[in-house]
Engineer: 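Here you go, one structure.
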Number of protein chains: 2
Amino acid sequence: MTSQRRLLVGIMQDSPSHLDAATLLAIAKQRDPRIDRATAYRTIALLKDRGLIDELDLMHLEGEKHYYEAKTSRDHCHMACFGCGGIIEYASPAFENLKREMAKRGDFQIRVVRLEVGGYCRHCARPGGKQ
Amino acid sequence: MTSQRRLLVGIMQDSPSHLDAATLLAIAKQRDPRIDRATAYRTIALLKDRGLIDELDLMHLEGEKHYYEAKTSRDHCHMACFGCGGIIEYASPAFENLKREMAKRGDFQIRVVRLEVGGYCRHCARPGGKQ
DNA sequence: ATAACTGCAAATCTTTTGCTTACAG
DNA sequence: CTGTAAGCAAAAGATTTGCAGTTAT
């Protein structure tokens, strides 16, 4: 792995939030101004292929871009609030069970799982809305 | 709902497969040649807001476009095969349970759920790959 | 009337590609 | 050496927007 790739992976691991390609590139440029967009995108594609990062859409809350996060040991889902734009991560045994069930009953070799939920968080909850 | 919207919804309901915006537009144009791209996109956005259709990415198997399907009574997940490009739909009580659990334990009013899985189907299964 | 919908053309935004030079094993 | 990676500039693809004219309530 080259230094540029290490740099990009490091940024993703360090970041507390989910970064889109443009933001990731901007941060990388602070440390090495000549990193190019193409390099960022090519590296992202490569890391995604190797299963080192996950790609998210976060319900396209702000445009069509994608977000990335370093893969963690435990898969988790993302709940995106249409009210405040916040992202809540959620992991549970029930999610693991569902994955196992899909792999087995669906006879499918799972490589990537993406579970995203859109709605309203505790603070933005709508009085009327139940589900 | 205007006639154009009815037309677009009708196409989505009738289609056995998942349509992207461009294909949807092409089909609609066969019936009414002056429907414009903008109308298709605006209608899609509106239907999505009202919860009448679901938007899918299908793991971006062929580019960054989105796919749409008329909302069904039962949420289901989509398994996209990296080998043959096929899409398998999968619904199960375990999925429903997970949704309930997320809403309750995460204290979240769910409006949209999108569960997409990428990997290899029965026919494209890789000898070595287990998960 | 008043508000919502449409077509058309142009713009925007994100991501990808071709090509040449620079590096790493 | 030989293949892979990086920079640069231009292209491609999907979706959105401004505006003027049309339709529906």
Side-chain angles (χ1 to χ4, degrees), chain A residues 1-12 17-50 52-69 80 85 112 114 116 118, chain B residues 1-12 17-50 52-69 80 85 112 114 116 118:
Chain A
M1 185 137 60
T2 68
S3 62
Q4 305 237 347
R5 292 189 181 154
R6 260 189 296 274
L7 175 55
L8 290 168
V9 179
I11 292 170
M12 285 188 252
S17 60
H18 304 100
L19 303 174
D20 63 275
T23 308
L24 182 65
L25 176 61
I27 296 175
K29 275 195 165 168
Q30 287 171 9
R31 302 200 213 173
D32 181 345
R34 51 211 186 124
I35 289 188
D36 187 75
R37 220 175 342 181
T39 302
Y41 279 106
R42 284 193 270 240
T43 302
I44 286 171
L46 187 142
L47 297 173
K48 204 169 48 166
D49 274 1
R50 296 199 189 164
L52 296 173
I53 59 175
D54 275 324
E55 184 181 66
L56 314 170
D57 288 2
L58 302 183
M59 298 317 273
H60 300 296
L61 242 45
E62 17 174 345
E64 300 304 309
K65 58 195 166 198
H66 295 119
Y67 299 85
Y68 301 92
E69 67 179 9
V112 197
R114 195 151 89 196
E116 302 193 351
Chain B
M1 184 136 59
T2 69
S3 62
Q4 304 237 347
R5 291 190 183 155
R6 260 189 295 274
L7 174 56
L8 291 167
V9 179
I11 293 170
M12 286 189 250
S17 62
H18 303 101
L19 303 173
D20 62 274
T23 307
L24 181 65
L25 177 60
I27 297 174
K29 276 195 166 169
Q30 288 172 9
R31 302 200 212 174
D32 180 347
R34 52 210 184 123
I35 288 189
D36 188 75
R37 220 176 341 181
T39 302
Y41 279 107
R42 285 193 270 238
T43 302
I44 286 170
L46 187 143
L47 296 172
K48 204 168 49 166
D49 273 1
R50 295 200 189 162
L52 296 174
I53 59 175
D54 275 325
E55 183 180 66
L56 313 170
D57 288 3
L58 303 182
M59 297 319 273
H60 299 296
L61 240 47
E62 15 174 345
E64 301 304 312
K65 57 195 167 197
H66 295 119
Y67 300 85
Y68 301 92
E69 68 180 7
V112 196
R114 195 152 90 198
E116 302 194 350

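Proteins come first, then strands; the chains are lettered A, B, ... in the order of their sequence lines, and each starts at number 1.
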Engineer: Just the rounded figure in Å: distance from P of dT22(D) to CZ of R34(B).
Structural biologist: 11 Å
Engineer: Whole angstrom is fine here: how far is it from CG in D36(B) over to P in dG18(D)?
Structural biologist: 16 Å
Engineer: How many angstroms lie between atom NE2 of H66(B) and atom OH of Y68(B), to the nearest 0.5 angstrom?
Structural biologist: 6.0 Å
Engineer: Just checking R37(B): base, sugar-phosphate only, or nothing, at a heavy-atom cut-off of under 4.0 Å?
Structural biologist: base
Engineer: Grab the CG-C1' distance between L25(B) and dA14(D) for me, whole Å please.
Structural biologist: 12 Å
Engineer: Side chain of T43(B): nearest nucleotide among dA6(D), dT6(C), dT17(C)?
Structural biologist: dT6(C)
Engineer: Whole angstroms only, please: what is the CG-C1' distance between L24(A) and dT14(C)?
Structural biologist: 14 Å
Engineer: Nearest-Å distance, OH (Y67(B)) to P (dG13(D))?
Structural biologist: 14 Å
Engineer: How would you label the contact of A21(A) with the nucleic acid (heavy atoms, under 4.0 Å): base, sugar-phosphate, or nothing?
Structural biologist: sugar-phosphate
Engineer: Pick the closest DNA chain C nucleotide for D20(A) and for S3(B) by heavy atoms, then say which residue is nearer the 5' end.
Structural biologist: S3(B)
Engineer: Kindly say if T2(B) contacts the phosphate of dC5(C), meaning a side-chain N or O under 4.0 Å from OP1 or OP2.
Structural biologist: no
Engineer: Measure CZ/R42(B) against P/dA9(C) and give the value in whole Å, please.
Structural biologist: 14 Å
Engineer: What is the distance from atom CD of E64(B) to atom CG of D20(B), rounded to the nearest 0.5 Å?
Structural biologist: 12.5 Å
Engineer: Quick one: is H66(A) getting a side-chain N or O under 4.0 Å of the dT14(C) phosphate, OP1 or OP2?
Structural biologist: no
Engineer: Would one find a side-chain N or O of Y41(A) under 4.0 angstrom from OP1 or OP2 of dT15(C)?
Structural biologist: yes
Engineer: Are side-chain heavy atoms of R114(B) and E55(B) found at a separation under 4.5 Å?
Structural biologist: yes
Engineer: What residues from residues 58-65 of chain B pass a heavy-atom cutoff of under 4.0 Å to DNA chain D?
Structural biologist: K65(B)
Engineer: Round to the nearest Å and state the distance from L46(A) atom CG to dT4(D) atom C1'.
Structural biologist: 11 Å
Engineer: Within a strict 4.5 Å, meaning less than it, do heavy atoms of the I53(A) and I44(A) side chains meet?
Structural biologist: yes
Engineer: Taking side chain as C-beta onward, heavy atoms only, is V9(B) less than 4.5 Å from L47(B)?
Structural biologist: yes
Engineer: Is the shortest side-chain heavy-atom distance between R42(A) and L46(A) below 4.5 Å?
Structural biologist: no
Engineer: Can you tell me the distance, in whole Å, between the CG atom of L56(B) and the P atom of dA14(D)?
Structural biologist: 16 Å
Engineer: What I'd like to find out is whether the side chain of M12(A) reaches to under 4.5 Å of the side chain of L24(A), using heavy atoms alone.
Structural biologist: yes
